[in-house]
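Sequence lines set the chain letters: A, B, ... in the order given, protein chains first and strands last, and positions in each chain run from 1. Just the heavy atoms: all of them, side chains too, but no hydrogens, waters or symmetry mates, feed the values below.
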Amino acid sequence: MNTWLMKSEPDECGIDDFVAAPDTPIRWDGVRNYQARNFMQQMQLGDQVFLYHSSCKDIGIAGLIRVCRTAYPDPTQFDPESHYHDARSTQDKPRWQAVDLVLEKKFAALLPLEILKQLPELADCPLVKKGNRLSVMPISTTEAAAILAASKE
DNA sequence: GCCAACGTTGGC
DNA sequence: GCCAACGTTGGC
C-alpha cells in the first residue's frame, strides 16, 4: 500500500466534507497538472492519502482519506459548463483523471504547516519546499511515520 | 491583496 | 527546440 498527499482548499473540498458523509465516496476531480495526474494514475485501491488544506486560514494536514476507486476519466473535462472543461479532451483520449476517496479519519487537531516544516524527515518533501505547487505527491513510509507521530494520531 | 515561483502556451 | 509572456498557485 502506498501513501500520498493531496492539497485542497477547504472551501472547495476539505476534511469536513468527508466527515459530513463518512461512507460516501467523494470524486477528486479538476486536477489539471500532468505530474499530479500521473501520480493519481498510480494510486491503488486502499491507498492512504493525507489531506492538506491550502490557501486558507489554517494551513496544514487535516486528516487521512483513502482511495476507494482508482483512476478513471475526469467527467468535468467533457462538460462545457464546468470550470474544468478541456476542449482538447475526447472520450477516446481523455487527458485528465479522477479518483474517488472516502474518510479514514479526521485528525483531532490540524497539523500546521509550521510544524511540518520543522520535521527533518520532511526536508525533501515537495510540500515544504518554497514555491512548490505540486498538488498530488507520494509520501514515503518514513515521511508518513513522522507526520503521524507529529499529529499524535 | 501582494508577489515569488512555477507550469503551460505559442510565436519564432 | 527555445524562451518570453501569461495565468495560476499558495504562503504570507
- Query: Got a sec: does the CD of A:E12 have more than 12 other heavy atoms crowding it under 6.0 Å?
  - Reply: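 No, the 6.0 Å shell around CD holds no more than 12 heavy atoms from other groups.
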- Item | Intermediate values then yes/no, side chain to side chain donor-acceptor pair (under 3.5 Å), A:D100 and A:W28 | CA-CA 6 Å; A:D100 287 356; A:W28 197 278; over 6 Å; no
- Item | Sequence-aligned protein contact record of nucleotides 7-12 of chain C, with B where the base is within under 4.0 Å of a protein heavy atom and S where only the sugar-phosphate is | BBSBSS
- Over how many whole Å does the gap from A:K130 atom NZ to B:dA4 atom C1' extend?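 Taking atom C1' of B:dA4 as the reference, NZ of A:K130 is at 6 Å.
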- Please work out whether the ring planes of A:W4 and A:F39 are parallel, tilted or perpendicular, with thresholds of 30° and 60°.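 Tilted: the ring planes of A:W4 and A:F39 meet at 30° to 60°.
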- Message: Heavy atoms only, 4.0 Å cut-off, all strands: where does A:R32 land among base, sugar-phosphate and nothing?
- Response: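 Nothing: the residue A:R32, judged by heavy atoms under 4.0 Å, touches no strand.
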- Message: Side chains of A:S135 and A:R32: any donor to acceptor distance under 3.5 Å?
- Response: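 There is no such pair between these side chains.
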- Does a donor on one side chain and an acceptor on the other come within less than 3.5 Å for A:D74 and A:T76?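 Side chains of A:D74 and A:T76: pair found under 3.5 Å.
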